[in-house]
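So the structure is just underneath, and the comments pick up after that.
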Amino acid sequence: MSREIRVRFAPSPTGPLHIGGVRTALYNYLFAKKNQGKFLLRIEDTDQARYVAGAEEYIRESLEWLGITPDESPWNPGNVGPYRQSERKADYMQYALDLVEKGHAYYAFDTSEELEAMRERLTAARVVQPQYNSITRTQMKNSLTLPEDEVKARLASGEPYVIRVKIPRKEEVRFHDQIRGWVMVHTSTLDDKVLMKSDGMPTYHLANIVDDHRMGITHVIRGEEWLPSAPLHVLLYKYFGWEDTMPEFAHLPLLLKPDGNGKLSKRDGDRMGFPVFPLDWKNEETGDSAMGFREQEYLPEALLNFLAFLGWNPGDERELFTKEELVEAFSIERIGKAGAKFDIAKAKWYNEQYLRARSNADLADFVIEAAKKDEVELDSNKAEAIVSLTKERVTFPGEMWTQCRFLVNAPKEFDEQVASKKWNADAVAVLSAYAEKLSKFEGTYDSEVAKTLLGETADELEIKLGKIMQAVRLAVTGVGAGPDLMEIFAILGAGEVANRIQFAIKNLPRPE
RNA sequence: GGUCCGUUCGUCUAGGGGUUAGGACGCAUCCCUUUCACGGAUGAAACACGGGUUCGAUUCCCGUACGGACUACCA
């Protein structure tokens, strides 16, 4: 009988959720759904000093925006709660004490000054790795060196202490990683990590083992930065006697900066002008802020697809996947080992693809909102017209509006470069004749009519249309590039086009 | 420094003892379009290096180089 697949995403609420964390959440989600399992969210808030107000809500909103919804979370608890470690505080000590009793952990009373002194001493003695371990603990103040009654006395007096794991001197720790295969580490390189802090809170190492066990986690899918402490975790499972239900591990490759080396940081985004966080973030207290993919108008389905492909691929040549298709195709075996550079150009391409896949009605709402910020009220007909004019040519929804602003606001100024290059006597001749015709025009002025009429006008003057189209565009829109001109003419209407042409002829310098 | 992990076009990657080393993004050129895009076509572009093993290695093994993560009473 096999257990139900249960995975968790366990961020700590210390600030905005990094995009790498989002990918970790995504992979956990995909793996759970693929295997008809459960995806849980657990808040790792055991560091009270680093707790940032609003961070939890940020995590929740980010996941919601992307549709990576946890089956169980602090806000939607299952029956293995609490889902916030701080709320489980009282339990952890019992587990730590259990380890002390079994001889796998011990009390330590060293002050931070004493710890510092120890490190200095070791460094001076040219010890390569100054750490609290099987050798150095014999010289420190702990329940292994102090007489039993003194330990009791110190404990009774309320003196601050921590509980450390007792790492064996010579032992080989072997564990399997689903991405990297077998990993072997010798305990002589491990140190006696703190399990319980002096404030009564557990460290990550203790808390994550206890919680994963109690929450029935079957697979731990997390970032590569945890790989070095995985041997400790394996040891803890063994000391607790939970080897039978120890989860499988999968350590994900890191997200790297686009240029140079090293992991992707907020600075990289700021430097190169792209977001590194899902949502905008603003901390009123510290004043730090960050821009988000959502506010930069990346579509959630595009971000999701992009992120999924950073370190994973389906093995065939498909690139575009909905969330459901990702679930269907996902497998841990196909996750790569090497870190992936964060290439925003690809993200933009995905955004274009998904933008074009959205319905015009849907996109029209975007356009209406964007116009509102410019204090322009658009009805849905006009907005949809703008959408069909532009959706094939923009990366972000907001650009649909910025590219069409001139529809509402007639140009007062003209692009000088285009004017000096393309504004010529032929163009003026055709345009004034065209405007003349338009002012007398009656009937339906659609893009076909607009085009035919313009063609006829040019023919009569024996001027090639191709030579003057840029100038025509300039006269009516003020710039040299944009959506299909004849469609624009149709939207503007004959009278408005005529007016604009006349304004342009009056205000642009008269060509030779 | 130590431990662990990694290395195929500029980027994301497929592949895997014998291949013209495949795709996508980006880039370039051309076609379509009496404008601008979309689209289509084509092109340039990669197995880090050195040793083995082998008839044959980009693929397996070992080194080297380079890169990364970790090395807290942070997660």
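Protein chains get the first letters and strands the later ones, always in sequence-line order, with residue 1 at the start of each. Owing to the predicted nature of the structure, the values given are computational and were not obtained by experimental measurement. Just the heavy atoms: all of them, side chains too, but no hydrogens, waters or symmetry mates, feed the values below.
- Using a 4.0 Å heavy-atom criterion, one finds that A:Met486 contacts no nucleic acid atom at all.
- With salt bridges taken as basic N to acidic carboxylate O contacts below 4.0 Å, one links A:Arg271 and A:Asp268.
- Going from atom NZ of A:Lys337 over to atom C1' of B:rA69 covers 17 Å, rounded to whole Å.
- Among the heavy atoms of the strands lying under 4.0 Å from A:Arg119 are primed sugar atoms or P, OP1, OP2 only; no base atom is included.
- At whole-Å resolution of the value, CZ in A:Phe489 and C1' in B:rC36 are 13 Å apart.
- On the P atoms, B:rA65 is 41 Å away from B:rG43, given to the nearest whole Å.
- With A:Phe306 as the fixed residue, the side-chain contact (heavy atoms from CB on, under 4.5 Å) test singles out one of A:Tyr298, A:Phe342, A:Trp349: A:Phe342.
- For the pair A:Pro253 and A:Arg180, the minimum side-chain heavy-atom distance is below 4.5 Å.
- A:Asn351 places its CG atom 16 Å from the C1' atom of B:rC38, with the value rounded to the nearest Å.
- For B:rC38 and B:rU29, the P atoms lie 14 Å apart once the distance is rounded to whole Å.
- In terms of phosphate contacts, A:Arg126 brings no side-chain nitrogen or oxygen within less than 4.0 Å of OP1 or OP2 of B:rG1.
- Dashed line: the shortest gap from a side-chain N or O of A:Lys197 to OP1 or OP2 of B:rA75 is under 4.0 Å.
- Below the 3.5 angstrom threshold, one finds no donor paired with an acceptor across the side chain of A:Lys263 and the base of B:rA69.
- Although no hydrogens or angles enter the test, the distance criterion places a donor-acceptor pair under 3.5 Å between the side chain of A:Thr477 and the main chain of A:Val479.
- B:rA57 and B:rG50 are spaced 14 Å apart, taking the C1' atom of each and rounding to whole Å.
- Rounded to a whole Å, the CD1 atom of A:Ile386 is 22 Å from the P atom of B:rC36.
- Using a 4.0 Å heavy-atom distance criterion, A:Arg356 is classed as a sugar-phosphate-only contact.
- For A:Thr46, a side-chain nitrogen or oxygen approaches OP1 or OP2 of B:rA75 to under 4.0 Å.
- A salt bridge between A:Asp426 and A:Lys464 is absent, with no side-chain N of the basic residue lying under 4.0 Å from a carboxylate O of the acidic one.
- Within the structure, every side-chain polar atom (N or O) of A:Lys346 is placed at least 4.0 Å from both OP1 and OP2 of B:rA24.
- Against the 90° criterion about 0, the sugar-base torsion of B:rC38 places it in the syn range.
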Open item on the list: Could you walk me through whether A:Asp192 and A:Tyr106 satisfy the side-chain hydrogen bond (donor to acceptor under 3.5 Å, both in side chains) test, starting with their C-alpha distance in whole Å, then the side-chain angles of each, then the deciding distance to 0.1 Å, before giving a yes or no?
Closed with: CA-CA 10 Å; A:Asp192 289 358; A:Tyr106 58 91; 2.5 Å; yes
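- When the P atom is compared between B:rA72 and B:rC66, the two are found 25 Å apart, to the nearest whole Å.
- When both distances must be under 3.5 Å, the Watson-Crick or G-U wobble mate of B:rA65 is B:rU7.
- Counting non-hydrogen atoms under 4.0 angstrom, A:Ser198 reaches a base of the nucleic acid.
- Donor-acceptor pairing under 3.5 Å, judged by distance alone, is absent between the side chain of A:Ser229 and the base of B:rC70.
- When both distances must be under 3.5 Å, the Watson-Crick or G-U wobble mate of B:rA45 does not exist.
- Taking the six-membered ring where tryptophan is involved, the planes of A:Phe175 and A:His251 are perpendicular, since the angle between them exceeds 60° and thus also 30°.
- Atom-to-atom, CD of A:Glu487 to C1' of B:rU35 comes out at 13 Å; the value is rounded to the nearest Å.
- When heavy atoms are screened at a 4.0 angstrom cut-off, A:Lys451 is found touching the sugar-phosphate backbone but no base atom.
- With B:rU35, B:rA75, B:rG67 as the choices, the nucleotide that has an atom nearest any side-chain atom of A:Asp484 turns out to be B:rU35.
- Using N1 to N3 plus N6-O4 or O6-N4 for Watson-Crick, or N1-O2 and O6-N3 for G-U wobble, each under 3.5 Å, B:rU53 pairs with nothing.
- The pair A:Glu159-A:Lys141 does not count as a salt bridge, with every side-chain nitrogen at least 4.0 angstrom from each carboxylate oxygen.
- Which of B:rA14, B:rU71, B:rC74 sits closest to the side chain of A:Asn313 comes down to B:rA14.
- Taking atom C1' on both nucleotides, B:rG15 is separated from B:rA37 by 36 Å, rounded to a whole Å.
- Within 4.0 Å (heavy atoms only), A:Leu310 reaches sugar-phosphate atoms of the nucleic acid but no base atom.
- In this structure, the CG atom of A:Leu355 is 13 Å from the P atom of B:rC38, given to the nearest Å.
- Relative to the side chain of A:Val162, the nucleotides B:rG15, B:rC73, B:rG23 differ in distance, and B:rC73 lies closest.
- When Watson-Crick and G-U wobble pairs are counted only if both distances are under 3.5 Å, B:rC70 pairs with B:rG2.
- Between A:Arg50 and the phosphate of B:rA75, there is no side-chain N or O to OP1/OP2 separation shorter than 4.0 Å.
- Each of A:Glu319 and A:Val394 lies near RNA chain B, and the nucleotide nearest A:Glu319 is the one positioned closer to the 5' end.
- Between A:Lys266 and A:Asp288 no salt bridge is recorded (no basic side-chain N to carboxylate O distance below 4.0 Å).
- Listed nucleotides B:rC36, B:rU3, B:rG15 differ in distance to A:Arg393; the shortest reach to its side chain belongs to B:rC36.
- Closest contact between the side chain of A:Ala345 and the listed nucleotides B:rC25, B:rA75, B:rG23 involves B:rC25.
- Atom CD1 in A:Ile344 sits about 13 Å away from atom C1' in B:rC12, given to the nearest Å.
- Checking A:Asp47 against A:Gly336, the closest nucleotide of RNA chain B that is more toward the 5' end is the one next to A:Gly336.
- Atom CG of A:Asp259 is separated from atom C1' of B:rG26 by 15 Å (rounded to the nearest Å).
- Listed nucleotides: B:rC12, B:rG6, B:rU35. Nearest to the side chain of A:Met469: B:rU35.
- As rounded to the nearest Å, B:rG18 and B:rC47 have C1' atoms that lie 16 Å from one another.
- Across B:rG26, B:rU71, B:rU34, the shortest atom-to-atom separation from the side chain of A:Trp349 is found for B:rG26.
- Across all strands, A:Gly223 comes closer than 4.0 Å to no nucleic acid atom at all (heavy-atom distances).
- When heavy atoms are screened at a 4.0 angstrom cut-off, A:Asp110 is found touching base atoms of the nucleic acid.
- Which of B:rU3, B:rU34, B:rA75 sits closest to the side chain of A:Tyr204 comes down to B:rA75.
- Base-pair partner of B:rC30: B:rG40 (Watson-Crick or G-U wobble, both distances under 3.5 Å).
- Look at B:rU20: it lacks any Watson-Crick or wobble partner with both distances under 3.5 angstrom.
- Here the nucleotide nearest the side chain of A:Glu225, chosen from B:rC70, B:rC5, B:rU35, is B:rC70.
- A perpendicular orientation is assigned to the rings of A:Trp312 and A:Phe309, their planes being inclined by more than 60° (bins at 30° and 60°).
- With B:rU34, B:rC12, B:rU71 as the candidates, the nucleotide lying closest to the side chain of A:Lys341 is B:rC12.
- Spacing of P atoms, B:rU11 relative to B:rC70, comes out at 23 Å, to the nearest Å.
- Not one side-chain nitrogen or oxygen of A:Arg473 sits closer than 4.0 Å to the OP1 or OP2 atom of B:rU34.
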